Amino acid sequence: MKRRKSQAFTLVETMVASSLGVLVVFGTVSTLVMGMYGWSKGQGAIDSNVDGQKSIRVISSELKEAMEVTLDANGLGLNYKLPLKDGTGLYVQPMTWDGVTRRVQYRVVSTVGRIEYGPSASMRTLATNVSNINPSSGNSYQIFTAGDGTVIRELKMRLTTDNAGRNSERQKTLTAETFFLRNIPVTTR
């Protein structure tokens, strides 16, 4: 009597195949989750960097036209004056001040740091989640530092911004820019 060979899988073969299948699925899912975590963390850093660059770009365009810039002693704010323009947008000659004192400042409101700017009477928030703490060293710094000389011709601005990444994990970036100013302290009207 000949024995027929069975065409079915044994219990051991089924268990081995199931275990391998579970390992493959687990490896694929964990790789996907880690990829999503990295993407979220990177997106938070990108958003933070963009916020800092946007703030610096707006302030830079304002200060490039300024005819007088004065820095606060603590380096967390500055005042500036813009020249008067006529109805067509051209500067009035000789250069005269437009009569409005404008300000850029770092201020903490309800534990949230922000950069505000505009005429002193009606400041607008330019960026939130801002600090003056270096993310790599943990030390505080002056946001605005002036170059050498009695008249400010060079101004450096450093700004730490942060945005939420995965699970509200904060992603902090430090953005710095140096501005070269006109800064002609003639403000007669």
Side-chain angles (χ1 to χ4, degrees), residues 42-136 139-164 171-189:
Q43 189 63 43
I46 289 170
D47 291 344
S48 178
N49 195 14
V50 166
D51 288 349
Q53 288 177 357
K54 179 189 78 167
S55 301
I56 286 177
R57 197 170 42 250
V58 168
I59 293 168
S60 171
S61 68
E62 286 279 307
L63 294 180
K64 283 181 183 176
E65 290 188 21
M67 56 190 295
E68 183 176 339
V69 177
T70 55
L71 204 58
D72 294 354
N74 64 4
L76 299 179
L78 56 85
N79 293 314
Y80 62 101
K81 298 176 180 178
L82 294 178
L84 183 64
K85 293 183 180 180
D86 63 16
T88 63
L90 298 174
Y91 295 119
V92 172
Q93 296 297 328
M95 287 278 233
T96 57
W97 173 39
D98 69 357
V100 179
T101 299
R102 292 165 177 83
R103 181 157 177 76
V104 177
Q105 67 185 11
Y106 167 72
R107 190 166 75 109
V108 177
V109 178
S110 301
T111 71
V112 176
R114 51 180 75 193
I115 293 291
E116 300 172 331
Y117 82 111
S120 298
S122 59
M123 301 284 283
R124 297 184 309 189
T125 299
L126 180 61
T128 55
N129 297 323
V130 174
S131 74
N132 65 331
I133 306 294
N134 188 324
S136 60
N139 298 328
S140 65
Y141 60 84
Q142 293 181 333
I143 290 180
F144 301 102
T145 53
D148 296 334
T150 56
V151 176
I152 300 173
R153 300 268 186 218
E154 181 181 328
L155 179 70
K156 183 173 186 175
M157 180 178 176
R158 291 184 293 175
L159 200 59
T160 299
T161 51
D162 64 85
N163 280 306
Q171 299 300 314
K172 298 181 181 196
T173 57
L174 176 64
T175 307
E177 184 73 33
T178 301
F179 313 122
F180 295 96
L181 308 172
R182 176 180 327 173
N183 213 2
I184 307 166
V186 178
T187 58
T188 57
R189 185 152 196 192

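Starting from 1, each residue takes its place in the sequence as its number. Everything numeric here is computed off the predicted structure, so don't read it as measured data.
- In this structure, the separation between OG on S131 and CD1 on I143 is 7.5 Å, given to the nearest 0.5 Å.
- Atoms NZ and OG1, on K81 and T101 in that order, are 5.0 Å from each other to the nearest 0.5 Å.
- Under the 4.5 Å side-chain criterion, counting only non-hydrogen atoms from C-beta, T70 is in contact with E68.
- E154 is not listed as a side-chain neighbour of F179, based on a closest heavy-atom distance of 4.5 Å or more.
- Closest non-hydrogen pair, A73 versus Q142, comes out as O-NE2, 3.7 Å.
- M157 contributes atom CE, which lies 11.5 Å from atom OG1 of T178 (distance to the nearest 0.5 angstrom).
- Using a 4.0 Å cut-off between charged side-chain N and carboxylate O, E62 and R57 make no salt bridge.
- Between V104 and Y80 there is a side-chain heavy-atom pair separated by less than 4.5 Å.
- If you take CZ on R124 and CG on L126, they are separated by 8.5 Å, rounding to the nearest 0.5 Å.
- Residues L76 and N132 meet the side-chain proximity criterion, which asks for heavy atoms closer than 4.5 Å.
- Across K172 and P135, no two heavy atoms sit closer than the pair CB-CB, 3.9 Å.
- Once rounded to the nearest 0.5 Å, the distance linking CZ of F144 with CG of L155 reads 6.5 Å.
- With E116 as the partner, the salt bridge (Lys or Arg N to Asp or Glu O under 4.0 Å) test is satisfied by one option alone out of R107, R103, R102: R107.
- Between the D72 side chain and the G75 main chain, no donor and acceptor come within less than 3.5 Å of each other.
- The nearest pair of heavy atoms linking S140 to I133 is CB-CD1, 3.7 Å.
- Residues E177 and Q53 form no side-chain contact, since every pair of their non-hydrogen atoms from C-beta on lies 4.5 Å or further apart.
- Two residues are said to be in side-chain contact when any heavy atoms from C-beta on lie closer than 4.5 Å; L174 and R158 meet this criterion.
- A donor-acceptor pair shorter than 3.5 Å can be found between the side chains of T160 and Y141.
- In this structure, I115 and L159 have side chains that are in contact, with non-hydrogen atoms separated by less than 4.5 Å.
- L78 contributes atom CG, which lies 5.5 Å from atom CG of L63 (distance to the nearest 0.5 angstrom).
- When all heavy atoms of P83 and E65 are compared, the closest pair comes out as CD-O, 3.1 Å.
- V130 has its side chain out of reach of R114: every pair of non-hydrogen atoms, C-beta onward, lies at least 4.5 Å apart.
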